[in-house]
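Just the heavy atoms: all of them, side chains too, but no hydrogens, waters or symmetry mates, feed the values below.
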Amino acid sequence: MTEITYLAQQTELPIFNQLAVNEWIKQVARNHNRVVGPLTYIFCSDDRIIEVNRQFLNHDYFTDIITFDYSSHKRISGDMFISLDTVKSNAELFQRAYNEELMRVVIHGVLHLCGINDKGPGEREIMEAHENDALAILPNNVFEL
């Protein structure tokens with residue numbers, strides 16, 4: 001059984017159709033020849049994500065997502081911390097709707113778990129193309145409750 005959990009730390013849990021998002025995540029994983037195992041999304045504040053970044057990665061900067069990968073073979077699993085503060089500021093910076101940016105970051109973590117990187121030369125563009133492909137199949141009812 002697939003277990004996808006959504007939690008909040010130092011912020012409110014964003015409101016979206018979790019069942020629809022779960023199905024979308026599973027479809028994106030299938031598109032990358034993966035199956036979904038336990039996934040936990042922890043939505044948090046900038047203060048919390050910088051704490052996590054410093055404690056576990058020795059990085060002293062804000063980021064939109066930190067992904068802890070527990071995947072094994074073709075089964076993806078992990079914990080993903082998402083700063084809603086940074087999602088909001090990035091939505092403004094990139095002139096995107098907040099909900100689109102939120103779902104982009106949600107799937108970004110899944111794509112990392114599928115083995116797609118974004119730090120090396122040319123990798124950011126590859127990641128963005130995969131994000132766009134995933135967003136193209138995002139169900140319309142995700143924000144209808």
*asked:* Check the orientation of H112 and H108. Use parallel for under 30°, tilted for 30 to 60°, and perpendicular for over 60°.
replied: perpendicular

- Is the side chain of R34 donor-acceptor paired with the backbone N or O of C114 at a distance under 3.5 Å, no angle test? yes

Correct closest heavy-atom pair for S71 and S77 would be OG-N, 3.1 Å

Next on the checklist: With side-chain contact (heavy atoms from CB on, under 4.5 Å) as the criterion, how do E128 and R104 come out once you've worked through the C-alpha distance, each side chain's angles and the decisive distance to 0.1 Å?
Outcome noted: CA-CA 9 Å; E128 191 169 337; R104 180 178 296 278; 4.0 Å; yes

Let me see the working for E100 and F94 under side-chain contact (heavy atoms from CB on, under 4.5 Å), right down to the final yes or no. CA-CA 11 Å; E100 176 189 346; F94 299 120; over 6 Å; no

**Asked** Between the side chain of Y41 and the main-chain N/O of V106, is any donor-acceptor distance below 3.5 Å?
**Response** yes

Heavy-atom side-chain proximity of L39 to L113 below 4.5 angstrom | yes

Please answer: with hydrophobic residues joined when any side-chain heavy atoms are less than 4.5 Å apart, are L7 and I107 in the same cluster? no

Cluster overlap I65 with I4, hydrophobic side-chain contacts below 4.5 Å:
yes

So CD1 of I66 and CD1 of I50: to nearest 0.5 Å the spacing works out to 9.0 Å

- Message: I want to check something: taking the side chain as every heavy atom from C-beta on, are I42 and R48 in contact at a cut-off of under 4.5 Å?
- Response: no

>> Would a single hydrophobic cluster contain both I25 and V35, if residues Ile, Leu, Val, Met, Phe, Trp and Tyr are joined by side-chain heavy-atom contacts under 4.5 Å?
In response: no

Say whether L19 and I137 are linked into one hydrophobic cluster, either directly or through other cluster members, by side-chain heavy-atom distances under 4.5 angstrom.
no

What one should report as the nearest heavy-atom pair of L102 and F16 is CD2-CD2, 4.5 Å

When rounded to the nearest 0.5 Å, the distance separating CG of D118 from CD of E125 is 10.0 Å

CG of L84 to CD of Q9, rounded to nearest 0.5 Å, is 11.5 Å

To the nearest 0.5 Å, atom CG of N117 lies from atom CD of E123 at 5.0 Å

Closest non-hydrogen contact found for L111 with E131 is CD1-N, 3.7 Å

Taking every heavy atom of P139 against every heavy atom of A20, the minimum-distance pair comes out as CG-O, 4.1 Å

Residue pair N90 / V105, side-chain heavy-atom distance below 4.5 Å:
no

Heavy-atom side-chain contact between V87 and F43 under 4.5 Å: no

Heavy atoms of I116 and H32 approach each other most closely as CD1-CE1, 3.5 Å

Worksheet entry | Test item: T63 and T86 side chains (from C-beta on) under 4.5 Å apart, heavy atoms | no

dist T40:OG1 -> Y70:OH (nearest 0.5 Å) comes out at 8.0 Å

Rounded to the nearest 0.5 angstrom, the CG-CG distance for N140 and N17 is 12.0 Å

(Q) Are V110 and M103 linked, directly or through intermediate hydrophobic residues, by side-chain heavy-atom contacts shorter than 4.5 Å (ILVMFWY only)? (A) yes

- Query: D85 side chain to S45 main-chain N or O, any donor-acceptor pair under 3.5 Å?
  - Reply: no

Here the pair of heavy atoms bringing A134 nearest to W24 is O-NE1, 2.8 Å

Please lay out, stage by stage, how N31 and Q27 fare under the test side-chain hydrogen bond (donor to acceptor under 3.5 Å, both in side chains). CA-CA 6 Å; N31 291 352; Q27 182 60 56; 2.7 Å; yes

